[in-house]
Amino acid sequence: MTHSTRLVVVALVLGSGIGVAAEHPFPVRVELDIDGDARAFLRNLDFNVDAAFDGWARVYVNAEELAKLQNAGFSATRLPDDGPRMAELARMQAAETVHTPEGAVAAQYHTYATLEADLQQIAADHPSIVRLTSIGQTVLGKHLWIVKLTDNPDVEEYEPGVTYISSMHGDEVVGKELLYNLIDYMTDNYGSDPRVTNLVDSTELWIMPSMNPDGTEAGSRYNANGVDLNRDFPDQFVDPVNTSAGRAPETAAIMAWRAQHTSTLATNMHGGALVANYPFDSNPAGTDTFSPTPQPDHDTFVRLARTYADNNPPMSTSNSHPAWDDGITNGADWYAINGGMQDWNYVWHGDHEVLVEVSSIKWPPANQLPDFWADNLESMLAYMERAHEGVRGLVTDQTTGLPLAATIHLDASPHPTYTDPEVGDYHRVVAPGTYKLNVSAPYYEPQAFPTVTINDGPSTVVDVALVPSPTQLQAFAFDLQDGGDGIFDPGESSTLAVTLQNLGQTATNVNAELIPTGYYGQVTQAHAAYPDIGVGATASSAAPHYDVLLDTATPAGHRAGYALQWVTDQGVGQSEPFFIDVGAAINESLPSTDVPYGISDSGPQPVSSEIVSAIAAEIVAVRVAIDLTHTYIGDLLVELVSPAGTRVTLHDHSGGSQDDIIGTYGVDLSSLDPLSVYTCEPANGTWTLEVTDDFGGDNGTLNAWSLEIDGRPAEPAPPEVKFRGAEMFSGVARFEWWPYSCLTSYRVYRATDPSQPANFSDVTSEDADPTDTLFDDTSADPISYFLVTGVGRNGEGP
């Protein structure tokens, strides 16, 4: 059934104290067809959708965004924002003395000060199982307190970690009280309640009741700088750089803490709905369709969400949205967001996190807190116990027995689990079934376990002793010591120092021979010695270094290839080639000359600005500086098209109502598509910047933009390819050639008469990988002659 997306304007008298200033977003109710285009409209404009229900969504907007909704044919009903009033009431009640019977839950909200004092008291009363730590500070200097609860809190043990965090939205406070009460309950019952005692003794519990105390004190969803913390984390689809740079201090603190602590399961608690929401929240297509988690994790996340919902009576029958299934939902199927903590924790840390909405009202009256406690206690305990299911084990060095920092992959899931490097233990929660387990660690040989059976119950134990990898030395860096301009020019002799990196076990008594992998670079001093190189370490050749000579006929733009054949006490081997550019590097800044351009409001065609490059260079790197003023950058799509036609998306409808895009992509701004896709393309030709404003109500101007291109001289054609080796076995001729950078494929020609080159025939089709440098000749011809040519963007070599 198709539902109208046009809204009826409803007048609402607002209570005093609720502002409409643009810098303070407020909630509105938007009536919409939840399965239609209206929801995608909200997503595309980067509106802050807080929750969606059957036929409507709660959206946080400022005055500018409200006008944009109205201009698009919607009308929005202002919802009361009780946060500031409830925060003030909580402060008033905190000054009152409330008698709470022993073992009962107080019908009273904590303030920051009372929560801090109560947590400090619990830590002082239970020093054998509690550690209270501040992992950072908020914008306004409040501590972000986290409680570690375990039987040996100062020792890393062989046990899974479970993390509970609440109130990253400051006005969603029921979870804050639930987690405080959980800490109180676990500490009070430790040693007397077998279930609690077992959980504390066998689990490393981390509990943060309040991730956004500034927001809670103000009764606001946002932190003190107006940042929605659950839209501020790296996102695998629109912000795939796992760095805390430029993020809120609360976000950065969580990221830094998580980098130092492994976790098996996590929950972050919210309010405003009643549902357990599992990944993904974000969606690769930028639409509101379900983005499935790869198996086996989809079933695992459903199992985890069901654990929480089924043990919470009101949640287990909650179906306020078509995507909900008796209290659980996939995040993107409900409504999609970018930058959520849940997805970040799973994608970058392998931590299975479920977001739990524990209260339909964000800040309900305090007298309801005992009821929420009764509804959620069993869910919280049962969820913790899931950390002891799946598969677990210790990963150690087979030789020394020491623990390793290892990575564990299960079946086809691209999101690994990691060991705690201090202990070497891993804990992988997964639904019952039979799986393939792969274990790897740097400088060790990987191990695969093709059939690991997981039962419904305690974890299956798979301990792994990894064998150290053989010594493996690769070129890490080089220094061309030509005594002149540092440029490798045709006809020039130079001294070359080469740094090796050891990707295997310790190498002693290291010596290496430099060999050319092409026909232009020559070697006149081939041998050099190295100091011992430890695991993962690097070392430069000792003087006298290598001496190299470049043929006078070498074309500009060529890359002279070299490799190292090394000998150590541990064995011998050969590195992959490294390349030295011939001729001076090219760097040029190219400003646009056809700007400024006004950006058409809701225009069907993009604004296009062109820069023509006459640089005869092959691209090494590209940076794009842009000065674009606009009153709502969430409207915009910004793309760069190279002379070769390669399109890179710089900005895609993100940033919401923020103003302006000013900065440099590749320096202080991150493009959505990697600028590295331009590497090896020709720089010369027309570069086009396209800016599209897809929605009405806002205006802007492309004031200026420029390109900075790092390049090398353009090579006329790929060089002749040099063979690396050949062998015969079982009637098959196998031969290999040295690779050359920036080639798109190789062509292999075969003949029985080398004096007749015209009779060579292309046999590339016999090898499925066009960039593979190994070829097996299964021809019946007793004697064959071969020629291999490289194919690049500028054609085929000789």
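We use all heavy atoms of the structure for the numbers below, so side chains are in, but hydrogens, waters and symmetry mates are not. Quick caveat, the model's predicted, so the values are computed rather than measured.
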Where does the angle between the aromatic ring planes of [X] and [Y] fall among parallel (under 30°), tilted (30 to 60°) and perpendicular (over 60°)?
| X | Y | value |
| --- | --- | --- |
| Tyr520 | His558 | perpendicular |
| Tyr740 | Phe579 | perpendicular |
| Tyr346 | Phe280 | tilted |
| Phe735 | Trp737 | tilted |
| Trp257 | Trp206 | perpendicular |

Practice task
Give me the one residue out of Thr264, Thr150, Asn152 that meets side-chain hydrogen bond (donor to acceptor under 3.5 Å, both in side chains) with Glu159.
Solution key: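 Exactly one option meets the side-chain hydrogen bond (donor to acceptor under 3.5 Å, both in side chains) with Glu159, and it is Thr150.
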To the nearest 0.5 angstrom, please state how far the [atom1] atom of [X] sits from the [atom2] atom of [Y].
| X | Y | atom1 | atom2 | answer |
| --- | --- | --- | --- | --- |
| Leu500 | Leu564 | CG | CG | 5.5 Å |
| His352 | Gln342 | NE2 | CD | 11.5 Å |
| Leu514 | Thr517 | CG | OG1 | 9.5 Å |
| Ile619 | Ser676 | CD1 | OG | 11.5 Å |
| Arg386 | Thr300 | CZ | OG1 | 10.5 Å |
| Leu743 | Thr773 | CG | OG1 | 11.0 Å |

So, [X] versus [Y]: side-chain donor-acceptor pair below 3.5 Å or not?
| X | Y | answer |
| --- | --- | --- |
| Asp297 | Ser413 | yes |
| Gln481 | Ser494 | no |
| Thr163 | Arg258 | yes |
| Gln574 | Gln565 | yes |
| Gln525 | Asp547 | no |
| Gln505 | Ser469 | no |

So, are [X] and [Y] salt-bridged, with charged N and O less than 4.0 Å apart?
| X | Y | result |
| --- | --- | --- |
| Arg734 | Asp776 | yes |
| Arg392 | Asp463 | no |
| Glu618 | Arg559 | yes |
| Arg247 | Asp239 | yes |

So do [Y] and [X] actually touch side chain to side chain, heavy atoms under 4.5 Å?
| X | Y | answer |
| --- | --- | --- |
| Tyr665 | Val648 | no |
| Tyr562 | Ile580 | yes |
| Val391 | Tyr435 | no |
| Glu445 | Pro468 | no |
| Val423 | Pro403 | no |
| Tyr426 | Val462 | yes |

Can you tell me if [X] uses its side chain to pair, donor with acceptor, with the backbone of [Y] under 3.5 Å?
| X | Y | answer |
| --- | --- | --- |
| Gln447 | Ala465 | yes |
| Ser459 | Val461 | no |
| Gln474 | Glu576 | yes |
| Thr460 | Thr453 | yes |
| Thr400 | Leu402 | yes |
| Thr243 | Ala245 | yes |
| Thr789 | Gly797 | no |
| Ser575 | Leu473 | no |
| Thr664 | Val667 | no |
| Thr203 | Leu205 | no |

Looking only at non-hydrogen atoms, find the nearest pair between [X] and [Y] and report the distance.
| X | Y | answer |
| --- | --- | --- |
| Ala406 | Val439 | CB-CG1, 4.3 Å |
| Val510 | Pro531 | CG2-O, 4.0 Å |
| Thr262 | Thr419 | CG2-O, 3.7 Å |
| Ala507 | Thr471 | CB-CG2, 3.5 Å |
| Gly350 | Thr417 | O-OG1, 4.4 Å |
| Ala539 | Ile533 | CB-CG1, 3.7 Å |

Handout entry: Glu204 and Glu157: CA distance, side-chain angles, deciding distance, side-chain contact (heavy atoms from CB on, under 4.5 Å) verdict
Key = CA-CA 8 Å; Glu204 185 176 277; Glu157 295 184 293; over 6 Å; no
Handout entry: Candidate pair Trp348 and His415, rule ring-ring contact (aromatic ring centres under 6.0 Å, His included), full reasoning
Key = CA-CA 8 Å; Trp348 273 279; His415 303 298; 8.9 Å; no
Exercise for the section: Start with the C-alpha distance between Phe578 and Val498, add both sets of side-chain angles, then the distance that settles side-chain contact (heavy atoms from CB on, under 4.5 Å), and finish with yes or no. Expected result: CA-CA 10 Å; Phe578 62 95; Val498 181; 3.9 Å; yes
Exercise for the section: Might you work through the side-chain contact (heavy atoms from CB on, under 4.5 Å) test for Tyr418 and Ile408, ending with a clear yes or no? Expected result: CA-CA 6 Å; Tyr418 304 97; Ile408 292 86; over 6 Å; no
Practice task
Walk me through it: do Val788 and Tyr749 pass the test side-chain contact (heavy atoms from CB on, under 4.5 Å)?
Solution key: CA-CA 6 Å; Val788 179; Tyr749 296 86; over 6 Å; no
Exercise for the section: Step by step, work out the salt bridge (charged side-chain N to carboxylate O under 4.0 Å, His left out) result for Lys436 and Asp411. Expected result: CA-CA 5 Å; Lys436 180 179 180 180; Asp411 261 25; over 6 Å; no
Handout entry: Ring-ring centroid check Tyr158 His427, cutoff 6.0 Å
Key =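 Yes, the ring of Tyr158 comes within the 6.0 Å limit of the ring of His427, centre to centre.
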Handout entry: Quiz item: cation-pi between Arg724 and Trp738, 6.0 Å / 45°
Key =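 Here Arg724 passes the 6.0 Å and 45° test against Trp738.
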Handout entry: Under the side-chain hydrogen bond (donor to acceptor under 3.5 Å, both in side chains) test, residues paired with Asn455 that sit two or more places apart
Key =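 Here no residue qualifies.
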Practice task
Starting from the C-alpha separation in whole Å, work towards a yes-or-no answer on side chain to side chain donor-acceptor pair (under 3.5 Å) for Thr508 and Asp569.
Solution key: CA-CA 6 Å; Thr508 57; Asp569 289 337; 2.8 Å; yes
Problem - Lys722 atom NZ, over 12 foreign heavy atoms within 6.0 Å - result: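 Above 12, so yes.
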